[in-house]
Chemist: 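Have a look at this one before I ask anything.
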Amino acid sequence: QVQLVESGGGLVQPGGSLRLSCAASGSINAMGWYRQAPGKQREFVAGIGSGDTTTYVDSVKGRFTISRDNAKNTVYLQMNSLQPEDTAVYYCNRVPMKLPWGRGTQVTVSS
């Protein structure tokens, strides 16, 4: 049984940066970051394949970078030039075979 624990969220001003971490209790393969704002469905944000190929939703291209450390069973999301529309709870999970969702980490972008 693999468990997922997200961390690194917080309150930041527009234009600021955060680095999120996702620690898995077991080995990781293809992984993705997702986010969910209040009243909205969870959406895909960024993904990284087993060969380190990355993909991003258009709204974060050029601002977010996904990476991984297989030895630590951890995936990261570097978030730069944050905007209020990025405010959400951020989650990680395996792609495409999903594990139970963790509690996520809150990212709030506000002045």
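The first residue of the sequence shown is numbered 1, and numbering continues consecutively from there.
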Chemist: Under 4.5 Å between side-chain heavy atoms, counting indirect links through other Ile/Leu/Val/Met/Phe/Trp/Tyr residues: same cluster for Val57 and Met31 or not?
Modeler: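 Linked within one cluster.
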Chemist: Give the cluster check for Tyr56 versus Leu20: same hydrophobic cluster or not, with ILVMFWY residues linked at side-chain heavy-atom distances below 4.5 Å.
Modeler: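 Yes, Tyr56 and Leu20 fall within the same hydrophobic cluster.
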Chemist: Same hydrophobic cluster for Tyr76 and Ile28, using side-chain heavy-atom links shorter than 4.5 Å among ILVMFWY?
Modeler: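 No, because Tyr76 and Ile28 fall into different hydrophobic clusters, even though each may have its own neighbours under 4.5 Å.
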Chemist: Looking at side-chain heavy atoms only, is the closest gap between Tyr91 and Leu4 below 4.5 Å?
Modeler: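 Of all side-chain heavy-atom pairs linking Leu4 with Tyr91, none is under 4.5 Å.
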Chemist: So do the side chains of Lys98 and Tyr34 get within less than 4.5 Å of each other, counting heavy atoms only?
Modeler: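 They are in contact (side-chain heavy atoms under 4.5 Å apart), so the answer is yes.
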Chemist: Ignoring hydrogens, what is the shortest heavy-atom contact between Ala30 and Gly49? Give both atom names and the distance.
Modeler: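 Taking Ala30 first and Gly49 second, the nearest heavy atoms are CB-CA, 4.1 Å.
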Chemist: Return the minimal non-hydrogen interatomic distance between Val107 and Met79, and the atom names on each side.
Modeler: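 Shortest heavy-atom separation between Val107 and Met79 comes out as CG1-CE, 4.1 Å.
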Chemist: Work out which heavy atom in Arg42 is nearest to a heavy atom in Gln36; give both atom names and the distance.
Modeler: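 What the structure gives for the nearest pair is N-NE2, 3.7 Å.
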Chemist: To the nearest 0.5 Å, tell me how far Cys92 SG sits from Ile48 CD1.
Modeler: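 Separation between the atoms: 12.5 Å.
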Chemist: Is there a donor-acceptor contact under 3.5 Å from the side chain of Asn80 to the main chain of Ser17?
Modeler: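 Judged by distance alone, no pair lies under 3.5 Å.
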Chemist: Looking at every non-hydrogen atom in both residues, tell me the closest pair between Ala88 and Arg35 and how far apart they are.
Modeler: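 Here Ala88 and Arg35 meet closest at CB-CB, 3.8 Å.
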Chemist: Do the ring centers of Phe64 and Trp33 come within less than 6.0 Å of each other?
Modeler: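 No, the ring of Phe64 stays outside the 6.0 Å limit from the ring of Trp33, centre to centre.
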Chemist: Answer with yes or no whether the hydrophobic clustering places Phe44 together with Tyr90; edges join I, L, V, M, F, W, Y residues whose side-chain heavy atoms lie under 4.5 Å apart.
Modeler: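 As far as the 4.5 Å side-chain criterion goes, Tyr90 and Phe44 are not connected within one cluster.
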Chemist: Is the backbone of Leu99 close enough, under 3.5 Å, to the side chain of Arg94 for a donor and an acceptor to pair up by distance?
Modeler: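 No, Arg94 side chain to Leu99 backbone: no donor-acceptor pair under 3.5 Å.
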Chemist: Do Gln106 side-chain atoms and Gly9 backbone N/O form a donor-acceptor pair below 3.5 Å?
Modeler: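 Answer holds: no.
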Chemist: Of all the heavy-atom pairs spanning Leu82 and Leu18, show the shortest one and how long it is.
Modeler: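 Smallest interatomic distance, heavy atoms only, reads CD1-N, 3.9 Å.
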Chemist: Run through Ser21, Ser67, Cys22 and flag the one making a side-chain contact (heavy atoms from CB on, under 4.5 Å) with Val75.
Modeler: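 Result: among Ser21, Ser67, Cys22, Cys22 is the only option passing the side-chain contact (heavy atoms from CB on, under 4.5 Å) with Val75.
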Chemist: For the pair Thr87 (side chain) and Val109 (backbone), establish whether a donor and an acceptor sit closer than 3.5 Å, ignoring hydrogens and angles.
Modeler: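 Such a contact is found between Thr87 side chain and Val109 backbone.
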Chemist: Test of understanding: clusters of I, L, V, M, F, W, Y form through side-chain heavy atoms closer than 4.5 Å, transitively. Do Leu77 and Val12 belong to the same one?
Modeler: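 Same cluster.
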